[in-house]
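What follows is one structure encoded as structure tokens, with my remarks underneath.
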Amino acid sequence: MVVLAASIVSKSGKVLVSRQFVDMSRIRIEGLLAAFPKLVGTGKQHTYVETENVRYVYQPIEALYLLLVTNKQSNILEDLDTLRLLSKLVPEYSLSMDEEGICKTAFDLIFAFDEVISLGHKENVTVAQVKQYCEMESHEEKLHKLVLQSKINETKDVMKRKASEIDKSKIEKNRGDKGGFMSLQSMGSGKIDNGLGDMGMSSGGGGGFGGSSGFGLGADVESFSSKPKGRPPSSATAPPKGLGMQLGKSQKTNQFLESLKAEGEVIVEDVKPNIGPSRSSVSLPTDPVTLSVEEKLNVSLKRDGGVSNFDLQGTLSLQILNQEDAHIQVQIETGGNPGILFKTHPNMNKELFSNENILGLKDPNRPFPTGQGSDAGVGLLKWRMQSTDESMVPLTINCWPSVSGNETYVSIEYEASSMFDLRNVIISVPLPALREAPSVRQIDGEWRYDSRNSVLEWSIVLIDNSNRSGSMEFVVPPADSSVFFPISVQFSAASTFSYLKVVNILPLRGGAPPRYAQRTQLTTENYQVV
């Protein structure tokens, strides 16, 4: 038995994966594979076709053919056994039996074919052994990576030491230049002494404005000669606080920044950091009890329609400010969605939650933790929902690129579900490398071009009943349609899939229940159209 090649071919004749096992020209192999679709028959599960020189042994796999090209002297039973083993390996590496799924795992399939067939002959292996061989780690490779990483770390350390030495030499050189200049200025001129005397100051005392003072004397002399004598001396000698030695920004630098701004870059000016965070930047709870409901979406949509992945994860956290309010229980209501699976914290009383929808500790005498920091919340409940129903998706995106002449017209539209009002929506579309911003012909909302990352951002502040659908159209130079994917989406909403609501706070030691507030938010963690 001699296997010339193993391939996966679509029924239209397109070769998706091909591995050659003997010394044969590429043109010869391509000619054999191109002739196969004309020879194949229909209605058979395991079959073969013979020509003058070779035999085609193939098996249909949904819309594809798994094909072995052998010589006519090979044993047909061994060929079928090899074909059967390869047909078991293909689903192990490819998640979907279509052209896209096979192409994504082409290299893994080729490596697996190599383990089954060696120099045209079948190896005595099983599916489990092939997977083990393909996944096997190499000790030499690990050692090489460790040596390479150690060299990189050593080079970084050398670079840091060189940079620190250069900085030190610059500082010492600047100090030496200043000291020499000041010693020359202090040697002769009586004009400086007279000027200082007129200002009511003395230049004596071991150097006055000598090299140890740290101020440039040339600037001081200029200020004395240009400013009136009645001005207080402190204003002439004291430098501005917090500035130290500062060189003015050159005109070239300003022109460079302006050119960057004109190209759409965001220029962040140097701002002196505050010692502590401002109160307006940190939102701290003011109510005695705060319950936060947060859900995060991980969605992967297909560009031709449908849902590849929909994963929702939610949490309910509790934050208590004062110790006297820590002995409580929380009564909640859920929306009754059967697809959502709830899971309580290990310290929660699961029976109490299952029977009465009340969240309380197993030990009623034990208080909840308290604190005021932003990370002081305690998780009470988690839930998760997975689905492939496209109607559950809050926002769908359709992208239609079409090439016309020397331009590519791209039309993008969104459709939002009526379940949520979406806020701060940003749709990021990757673009090919461009010399200038794309030409946006029509848009519902606003757009921004990030030239550094070559991304067009489409932003909508609010999507509600007034704009459940919208579109954008722009034009770029000719490009392949795959360039505009994956499209990333970000948004937030004030309602959630679980419709979880806090009904009441139950105090365990009597008295009036403490005042509480509920915060609810739905956000995207990874939302893409691929």
Side-chain angles (χ1 to χ4, degrees), residues 277 279 281-299 309-387 392 394 419-420 492-527:
R279 295 186 178 180
S281 63
V282 181
S283 177
L284 296 177
T286 57
D287 295 282
V289 178
T290 302
L291 294 115
S292 301
V293 179
E294 184 178 4
E295 290 184 349
K296 294 184 179 180
L297 266 177
N298 288 278
V299 177
N309 178 46
F310 181 95
D311 184 30
L312 172 76
Q313 296 184 11
T315 57
L316 171 63
S317 59
L318 170 68
Q319 186 170 357
I320 302 174
L321 299 183
N322 304 318
Q323 186 68 30
E324 56 268 17
D325 299 324
H327 293 84
I328 58 172
Q329 291 179 342
V330 181
Q331 186 176 8
I332 64 172
E333 282 184 0
T334 58
N337 191 334
I340 296 180
L341 302 177
F342 290 94
K343 187 176 182 180
T344 59
H345 190 278
N347 292 333
M348 294 291 109
N349 190 332
K350 294 184 179 180
E351 294 183 0
L352 185 64
F353 173 71
S354 301
N355 298 331
E356 304 181 32
N357 273 357
I358 295 178
L359 294 168
L361 294 172
K362 292 180 180 179
D363 185 4
N365 297 321
R366 180 181 174 184
F368 281 106
T370 59
Q372 196 172 0
S374 58
D375 56 347
V378 179
L380 303 182
L381 188 66
K382 291 184 178 181
W383 57 92
R384 186 174 185 179
M385 181 179 70
Q386 293 179 320
S387 175
M392 300 294 293
M419 294 187 297
F420 303 102
S492 63
S495 54
T496 58
F497 281 88
S498 62
Y499 296 104
L500 190 144
K501 181 181 179 182
V502 178
V503 179
N504 197 8
I505 300 295
L506 307 175
L508 297 180
R509 295 190 174 183
R515 189 177 73 256
Y516 70 92
Q518 178 177 343
R519 299 178 180 179
T520 304
Q521 187 178 29
L522 170 68
T523 57
T524 57
E525 190 171 41
N526 187 11
Y527 200 109

**Prompt:** Pairs in or reaching into residues 494-516: which pass ring pair (Phe, Tyr, Trp, His ring centres under 6.0 Å), with residues at least two apart or in two chains?
**Reply:**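 Matches after skipping sequence neighbours: Phe310-Phe497, Phe420-Phe497.
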
**Item:** Qualifying ring pair (Phe, Tyr, Trp, His ring centres under 6.0 Å) pairs, either residue in residues 313-339, two or more places apart
**Value:**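 Residue pairs with at least one partner in residues 313-339: there are none.
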
**Item:** Minimum heavy-atom distance between Thr370 and Ala326, given as atom pair plus value
**Value:**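 In this case the closest contact between Thr370 and Ala326 is CG2-CB, 4.0 Å.
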
**Request:** Determine the minimum heavy-atom distance between Gln386 and Asp311, stating which atoms define it.
**Result:**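 Smallest interatomic distance, heavy atoms only, reads CG-OD1, 3.5 Å.
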
Is there side-chain contact between [X] and [Y], with heavy atoms separated by less than 4.5 Å?
X      : Y      : value
Gln331 : Val502 : no
Thr496 : Val293 : yes
Glu294 : Ser317 : no
Pro369 : Val378 : yes

**Asked** Atom CG in Leu506, atom CG in Leu508: separation rounded to 0.5 Å?
**Response**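 Between atom CG of Leu506 and atom CG of Leu508 there are 7.5 Å.
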
**Request:** Quick one: pull up CG in Leu297 and OG in Ser492 and give me the separation to the nearest 0.5 Å.
**Result:**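 OG of Ser492 is found 11.5 Å from CG of Leu297.
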
**Message:** With no hydrogens and no angle check, just 3.5 Å: does a side-chain donor-acceptor pair link Thr523 and Glu295?
**Reply:**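 No, no side-chain donor-acceptor pair sits under 3.5 Å.
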
**Asked** So, Trp383 versus Gln313: side-chain donor-acceptor pair below 3.5 Å or not?
**Response**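 No, no side-chain donor-acceptor pair sits under 3.5 Å.
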
Restricting to side-chain hydrogen bond (donor to acceptor under 3.5 Å, both in side chains), what partner residues turn up for [X], sequence neighbours left out?
X      : answer
Glu324 : none
Gln518 : Thr520
Asn298 : Glu525

**Non-neighbouring partners of Arg509 that pass salt bridge (charged side-chain N to carboxylate O under 4.0 Å, His left out), sequence neighbours left out** =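 For Arg509 there are no salt bridge (charged side-chain N to carboxylate O under 4.0 Å, His left out) partners, ignoring immediate neighbours.
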
**Message:** Arg515: which residues meet the salt bridge (charged side-chain N to carboxylate O under 4.0 Å, His left out) condition with it, sequence neighbours left out?
**Reply:**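 In terms of salt bridge (charged side-chain N to carboxylate O under 4.0 Å, His left out), with neighbours along the sequence ignored, Arg515 is linked to Asp287.
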
**Prompt:** Got a sec, which residues hit side-chain contact (heavy atoms from CB on, under 4.5 Å) with Asp363, two or more places apart in sequence or on another chain?
**Reply:**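 Partners of Asp363 by the side-chain contact (heavy atoms from CB on, under 4.5 Å) criterion, ordered by chain and then number, come out as Asn365, Arg366.
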
Acceptor/donor pairs from residues 350-361 side chains to any protein atom, 3.5 angstrom cut, sequence neighbours excluded:
from	atom 1	to	atom 2	distance (Å)
Ser354	OG	Lys350	O	2.9
Asn355	ND2	Glu351	O	3.1

**Message:** Between Leu500 and Leu381, does the side chain to side chain contact (heavy atoms under 4.5 Å, CB included) criterion hold? Intermediate values first, please.
**Reply:** CA-CA 11 Å; Leu500 190 144; Leu381 188 66; 3.9 Å; yes

